[in-house]
Amino acid sequence: MASRSHVHEFPLSHGGRRIPAIGMGTAASLPITKQPFLHAIECGYRHFDTASLYESEQPLGEAIAEALSLGLINSREELFITSKLWSTDSHHHLVLPAIQKTLSNLKLEYVDLYLIHCPFSITPGKYEYPPNQEDVLEMDYKGVWTAMEECHKLGLAKSIGVSNFTCKKLEDLLLVATIPPAINQVELNPVWQQHKLREYCKSKNILLEAFSPLGSCGSQWGTNKIVGCNVIGEIAKAKGKSVAQVCLRWVYEQGVVVIVKSFNDERMKENLDIFDWNLSEEELKKIADIPQSRNFIIHVISEIGPFKSLNDLWDGEI
Ligand code: NDP
């Protein structure tokens, strides 16, 4: 096994494997090129979070191939690559072809982690996002998860998991799972701390991953609520750290994997620099007291679909 000895990691529940504590996000406005990923590998990133929906698999695959040929890494095993099954393919018979397409885009034999992107399905063939409301369907958990388990058994995904699942949806999934999900990737940051979900996942040995740890600030779908939060700003100023670093460090100290996206060379390095300092008890207490609100929007609420309200989608976790 190739070494990631310099990388901070958390244990996964599947087969004694480990996951780097920080990963680079790859969701961005198109077009996405290989350049930021190559630079990220040079900076020391070893964990990348892609998805068929983001159209970042192909450029990431090109960057991995180039990093290997340039000797930036010695072997593919030094990397931890996650991709996700989009809802259009969240149908029993479409899961295997979807992961095969993902692997072909990435030019890899396997992904380290394959996630069900969202807890619903979309009519096969309808790839546009946001989807037409008549195309949003209830997901057949048993059919889809059995196919995910098959991907794992075939060695195409070393671990499998989910994303955007609530406690209730995890409970439903666990009823039909032979292999429990190793990960649940969700919105988690100082402004949406997810205490209930964290307790539940801990009790089921499911590791949480935090997406949008900075609230996706600066992107067309993001919020400045997190980076503009006074409490975090004051802590950052007092410690001589950036607001982003305080947010990322906070996630790490909660025992949660953090996925952050930056395609800017300086911010990429800044975001990795969170491991040799810590937040004090008093600072953690101040962050714990920040008023909470969910910010990530999934466009699937409608009278005709499976989720009539935000409450339905998030099972009251709002
Ligand atoms: P983030 O919270 O990571 O924020 C990204 C934004 O913050 C970018 O605009 C980036 O700009 C900026 N930024 C990054 N670092 C800094 C810094 N140090 N200082 C100031 N600004 C900074 O949002 P994302 O929504 O991108 O979440 C991260 C990843 O999580 C995604 O890329 C994706 O891989 C995953 N994700 C998964 C979802 C799911 O449903 N499973 C949903 C949403 C995201 P710049 O690039 O210019 O630095």
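Start at 1 and go down the list; that is how both ligands and their atoms are numbered.
The heavy atom nearest to atom 6 (C) of ligand 1, out of those in C217, S56, G23, is found in C217. Nearest-heavy-atom check against atom 16 (C) of ligand 1 across K84, R267, E187 picks out R267. Nearest-heavy-atom check against atom 5 (C) of ligand 1 across K269, K261, H117 picks out K261.
Listed by atom number, the atoms of ligand 1 under 4.0 Å from A244 heavy atoms are 17 (C), 18 (N), 19 (N). Under a 4.0 Å criterion applied to the non-hydrogen atoms of D49, ligand 1 contributes the atoms 33 (C), 34 (O), 35 (C). Short contacts between ligand 1 and Y54, defined as distances under 4.0 Å to a heavy atom of the residue, involve ligand atoms 33 (C), 34 (O), 35 (C), 36 (N), 37 (C), 38 (C), 39 (C). The atoms of ligand 1 that sit less than 4.0 Å from any heavy atom of S163 are 39 (C), 40 (O), 41 (N). Close contacts between ligand 1 and G215 involve ligand atoms 2 (O) [criterion: under 4.0 Å to a heavy atom]. Each of the following atoms of ligand 1 lies closer than 4.0 Å to a heavy atom of Q185: 37 (C), 38 (C), 39 (C), 41 (N).
Salt bridge annotation for D112-R76: present, with a cationic side-chain nitrogen under 4.0 angstrom from a carboxylate oxygen. With respect to E199 and K196, no salt bridge is recorded, no charged nitrogen being found less than 4.0 Å from a carboxylate O. One finds no salt bridge joining E234 and K286 here, because no Lys/Arg side-chain nitrogen approaches an Asp/Glu carboxylate oxygen to under 4.0 Å. For the pair E62 and K34, the salt-bridge criterion is not met [side-chain N within less than 4.0 Å of a carboxylate O]. Ion pairing of K285 with E281 is absent here, as no side-chain N (NZ or NE/NH1/NH2) approaches a carboxylate O to less than 4.0 Å. Using a cutoff of 4.0 Å between basic side-chain nitrogens and carboxylate oxygens, D49 and K261 are not scored as salt-bridged. The existence of a salt bridge linking K168 and D172 is confirmed by a sub-4.0 Å separation between a basic side-chain nitrogen and an acidic carboxylate oxygen.
Remark: minimum distance from atom 15 (N) of ligand 1 to any protein heavy atom is reached at N271 ND2, 3.0 Å. Among all protein heavy atoms, the one lying closest to atom 23 (O) of ligand 1 is S216 CA, 3.2 Å. Counting protein heavy atoms only, atom 32 (O) of ligand 1 is closest to A27 N, 3.0 Å. Remark: minimum distance from atom 28 (C) of ligand 1 to any protein heavy atom is reached at I259 O, 3.3 Å. Of the protein's non-hydrogen atoms, F211 CD1, 3.4 Å is the one closest to atom 43 (C) of ligand 1. If you check which protein heavy atom lies closest to atom 40 (O) of ligand 1, you get N164 ND2, 2.9 Å. The protein heavy atom nearest to atom 27 (O) of ligand 1 is S212 N, 3.0 Å.
Considering backbone and side-chain N/O of P213, one or more are found under 3.5 Å from N/O of ligand 1. Among the atoms of L214, some N or O lies under 3.5 angstrom from an N or O of ligand 1. Where the criterion is an N or O separation shorter than 3.5 Å, residue side chain and backbone included, G25 fails it with respect to ligand 1. Note: no N/O pair closer than 3.5 Å links G218 and ligand 1 by distance alone.
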- Task: Could you give me the CA-CA distance, side-chain angles and deciding distance for T102 and E57, then say whether side chain to side chain donor-acceptor pair (under 3.5 Å) is met?
- Result: CA-CA 7 Å; T102 279; E57 290 174 338; 2.7 Å; yes
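Aromatic pair F80/F48: ring centres not closer than 6.0 Å. A ring-centre distance under 6.0 Å is not found for Y129 and Y54.
More than 12 non-hydrogen atoms from other residues, nucleotides or ligands lie less than 6.0 angstrom from NZ of K239.
Between Y252 and H8, the two ring planes are perpendicular [angle over 60°; tilted spans 30° to 60°].
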